[in-house]
Each structure stands twice: as C-alpha cells, then as structure tokens.
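Everything below concerns the one structure shown next.
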Amino acid sequence: MSNPASAKKFLFSSPTRTITLSFAAVILLGTLLLMLPVSSRQQAATPFLDCLFTATSATCVTGLVVYDTYMHWSLFGQSVILCLIQIGGLGLVTFTVFFQVLIRRKIGLRGMHLAQESVASIDADIAFLLKVVVSTALLVELAGALVLMTAFIPAYGADGIYISVFLAVSAFCNAGFDVLGREAPYVSLSNYNSHPVVLITIGLLIIIGGIGFIVIHDMIAAHKNHRQPTLHTRIVLVITGILIVLGMLMTASLEWENPATLGALPSTGQKLLASWFHSVTCRTAGFNTIPTDALYDITKLLSSLLMFIGAAPGSTGGGIKCTTAAVIFMTVYCVIRGDEDTTIFHRRVGKSAVYKSLAVGILGGLAVAVTTGCMVATMRETHAVGGVDALFESVSAFATVGLSTGISVVANTLSKILLIFLMYIGRLGPVTFFLSLAMRPTAKRREILPEGKIQIG
C-alpha cells in the first residue's frame, strides 16, 4: 500500500468504497465553503467543527443544525447548503454518471456498477434508470415549489420564490432544512398548522422522495407493460402506508391533550393534520409542526422507532429502511411458525437478504446505543441530557431525520463528532460503510468450512 498507485487502486477498488469516499469529499468541500466569512451573515469565519456538522447534515440529508439556517448563514451559505442537499439526496455518483449519459459518453462496466450501487438497483438498463432518477427529482421538486409559491409569494413577495424552492428541494430530499428562521429561530413549520397547502405539499414531497427511485421506476414500468409491481415495490408501498397511519394514530392519541403540542392547536382538523405530518416527517424528513422537545417521552420513544425504520432503499431517506424492517419482522414471524424460510407475500426471501437485514439492524442499533450512552455520560456537567432525549437525537442522526430535542445546538465536541459519524454511516448504510473498509475483496474471503452445531434459545 506504500506505492501511490496501489493506494489509489485500493481506494477506488469497489463501488461501495468509491461512493463512501465521494460523500466524504462532498462533505469536506462543503465544510471549507461554509468556513468562508462570506458564508455567514456576520461575515466572520464559522468554527470548523460546526461547519463540518452542518455540511455532513446537509450532504447526508439529515437536518440537524447547530445554527438556525436563516439567522446564521448568508445567502451564499444557504446556497451551499442547498447544493449539498441536492447532491446528497441523489448521490454524487448518480449525478456524475447521469451527465455522462446526457452527453452520450460511454459509461463502461465500472461506471454501471457504481451507478447501480448509488441508486441501490440491479436494473440492467441503468442509463434509463438514471434519467428517471434525475428527471423525477427535478420535476417533483419543481411541481412542489410551484404549489408552495401560492402560499409564500403572497406573504414574502419575490423572496417567496426562493423560500418555496428551498423547501421543495429540502422536502423531496428528506433533508429538513428550512429558511423560515426569519419568522423565529428554529421555528421550522410550526407557524403553518393552519395552512394545509403548505403541510400537505411538503408531506407529499417527503413521501415521494422516501419511497425511492426504484419504486417509482418500477411503477412506471408496470403501468407501461401492464404488469404487477415487483415484490420490492409492494413491500415498500404497504409498509409506508402502515407506518404513516400507525404513526398518525399514535401521535394523535398520545399528544391530543398535551398543552405544549397538539393541545395548543385550536381545531380538530389542525390536530389531525399535525399528527399526520409528524408521522410523515418521522420517515426521515426533519421538519416539525409541533415542538419536538415538548413531546411526551412515550411519544419520543415510538417516534424513534418510526425514525429508525425510516424510508425505502434507493430513496433520499435514511433509517435501516422499511424493507429491512419487513424482512426482520417476517423472519421472526416465520421462525415462530416453524418455517424454514422467510416468506413475504407468498414469495421466499433469499438468505443473503435476511442476513444483511439482521446485520443492518444490529449495527444501526449498536451505533445508536453507543452514541446515546456517550452523550448522556459526557454532557451531564454542562447540560443535563435525559436518556430518552439522547436516544431520540441519536436515532434522528443515524436515520438522517433531523428532528431534534435541542441537543445538537448545545452538544459538546465529542457529542457532535459522534452525531456526525452517525449521520455519515446512516446515509451510506452501516453495512456499506464497513464493507468499504474491508482490506480484501469479499470473493477472496469465501471458503467452505465444516458445519458446527450450536444450541439456540
């Protein structure tokens, strides 16, 4: 590895490692740009760690912040954040390969593999899929921005165009950043509970971005070819619907009389809309219409579960992914029934998918647990942090959600570093991240070993 050529070959020897490094490069570039005095309203350099935290949060489409986006960052700084959100939402590799396709440049086998890894697809027609990914993103964001302009242009004039575009991109990419700090610092969408156009539009953008480009591509192909959607698509749509409905009912039932959250809203319609939006935003978006820190602890715990599950593979969202949760749940169910294989919708799930699902769930849970423990232990002297709040913040970082109980703003250095790491591995996927660190190709490590017997349970 001492040879520079060998080092370069190792660094770019696999698609997972290339994608991991591409995200790191974007984050580093964003950090350097945000450190420039021109990026802040005070025209002064922002500390490196705070810029790194913000750049990671934007590139990993999380939404956790150490400063209010509007109050601290200048228009240049906000533009940098918006670009990071768009690149992070679609993936740098996706953008690169898309423009190669656009100018009719030959991609090559390696580029095909990179693109497939970037959008989590095994589709052979990767050029068409990439066009669907980018065109869908731009069209949906444009449509969302146009609808939002009907609300923000009357309120803010020409500046409403910028607000609408920023919110549309942030919502579709499940980022949770906003520029509404002009109304009040860290206010997010709390002032729009009586504005269904804003909340429903942003909620739909979150859902469309969260179901994933694979699902959108398959639904287009299924309609075109008059066939049934694939198993993956059906699982994503069913689990998404179940989680949104259960999350809405949970929030409404637990917070209905809470005077600091839903109880403060004057009408039943606003309470139901806020409950629905909270359920949707827990799927890795990060906007909030009710104060997150004022939620009851039981609501925070159940919201953490929704966040941990997250969105779909190949989407702009995070979490362990709804398909992963479905496979884990159905594996447990099938074991209880005495079945040898995991089955979903009368289809057998491959062992490799089961093993990977368990690995993702366990690695994600361990990362969250370690970060939660460290935050509680190290912040007790400066800011009393409860275990539930620390868990909520850690899950929010890992699942790239962005909902916050306020810990990120007051976090110490170690806690910020841990949250940055969680956001990074959460966006890449824990298995992808650790595979990128492997020194040897997976194929070279395979060998047939004698079977050992272990008693379980």
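Computed from a predicted structure; not experimentally measured.
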Output the distance between atom NZ (K300) and atom OG (S396), rounded to the nearest 0.5 Å.
12.5 Å
More than 12 foreign heavy atoms under 6.0 Å from OH of Y355: is that the case here?
no
Close side-chain approach of V236 to K321, heavy-atom, < 4.5 Å
no
Okay, side chain of S190, backbone of V187: is any donor-acceptor separation there less than 3.5 Å?
yes
Any side-chain heavy-atom pair from L246 and M250 closer than 4.5 angstrom?
no
Determine the minimum heavy-atom distance between A274 and T289, stating which atoms define it.
CB-OG1, 3.8 Å
Do you see a donor-acceptor pair shorter than 3.5 Å between the side chains of S275 and E255?
no
Side-chain touch E141/L205, heavy atoms, less than 4.5 angstrom:
no
Side-chain (T371) to main-chain (A367) donor-acceptor, under 3.5 angstrom:
yes
Is the distance between the ring centroids of Y70 and F177 under 6.0 Å?
no
Taking the side chain as everything from C-beta on, heavy atoms only, tell me whether I153 gets closer than 4.5 Å to I161.
yes
Would you sort out whether C51 and L32 count as a side chain to side chain contact (heavy atoms under 4.5 Å, CB included), showing the intermediate values?
CA-CA 8 Å; C51 291; L32 297 176; over 6 Å; no
Distance only, no hydrogens: is a donor on one side chain within 3.5 Å (strictly under) of an acceptor on the other, for H278 and S303?
yes
Does NZ or CZ of R182 fall inside the cone over Y156's six-membered ring, less than 6.0 Å from its centre and within 45° of the axis?
yes
Grab the two heavy atoms, one from R234 and one from P229, that are nearest each other, plus how far apart they are.
NE-O, 3.5 Å
Interatomic distance, CD1@I216 vs CD1@I208, rounded to 0.5 Å, equals 7.0 Å
Min side-chain heavy-atom separation I235-C322 under 4.5 Å
no
Any sub-3.5 Å donor-acceptor pair from S79's side-chain atoms to L75's backbone N or O?
yes
Say whether, by atom type as modelled, one donor and one acceptor occur between the side chain of T62 and the main chain of L64 under 3.5 angstrom.
no
Polar contact flag, side-chain donor to acceptor under 3.5 angstrom, S408-E393:
yes
Out of curiosity, Y424 OH to T400 OG1, how far, rounded to the nearest 0.5 Å?
14.0 Å
Report yes if some heavy atom in the side chain of F421 is under 4.5 Å from a heavy atom in the side chain of T56; otherwise report no.
no
Which distance, rounded to the nearest 0.5 Å, do you find between the CZ of F48 and the OG1 of T46?
12.5 Å
Answer whether the closest heavy-atom distance between the side chains of L262 and L265 falls below 4.5 Å.
yes
Rounded to the nearest 0.5 Å, what separation is found between the OG atom of S39 and the CD atom of Q78?
10.5 Å
Under 3.5 Å side-chain donor-acceptor pair for Q270 and S194:
no
Any chance you could measure L199, atom CG, to I206, atom CD1, to the nearest 0.5 Å?
9.5 Å
So does M35 have more than 12 non-hydrogen atoms from other groups sitting under 6.0 Å from CE?
yes
So, T316 side chain and G209 main chain: donor-acceptor pair closer than 3.5 Å or not?
yes
Just by distance, no angles: are the side chains of S357 and T324 close enough, under 3.5 Å, to form a donor-acceptor pair?
no
Under 3.5 Å, is there a donor-acceptor pair linking the side chains of H72 and T54?
no
Please report whether the ring centroid of F308 lies less than 6.0 Å from that of F398.
yes
So does D50 pair up with K416, basic N to acidic O under 4.0 Å?
yes
Can you list the steps and then say if V410 with M379 is a side chain to side chain contact (heavy atoms under 4.5 Å, CB included)?
CA-CA 9 Å; V410 298; M379 292 183 63; 4.2 Å; yes
Given the rule in the side chain to side chain contact (heavy atoms under 4.5 Å, CB included) test, do D389 and D293 qualify, once you have shown the distances and angles that lead to the verdict?
CA-CA 8 Å; D389 286 348; D293 59 336; over 6 Å; no
I417 versus L49: any side-chain heavy-atom pair under 4.5 Å?
yes
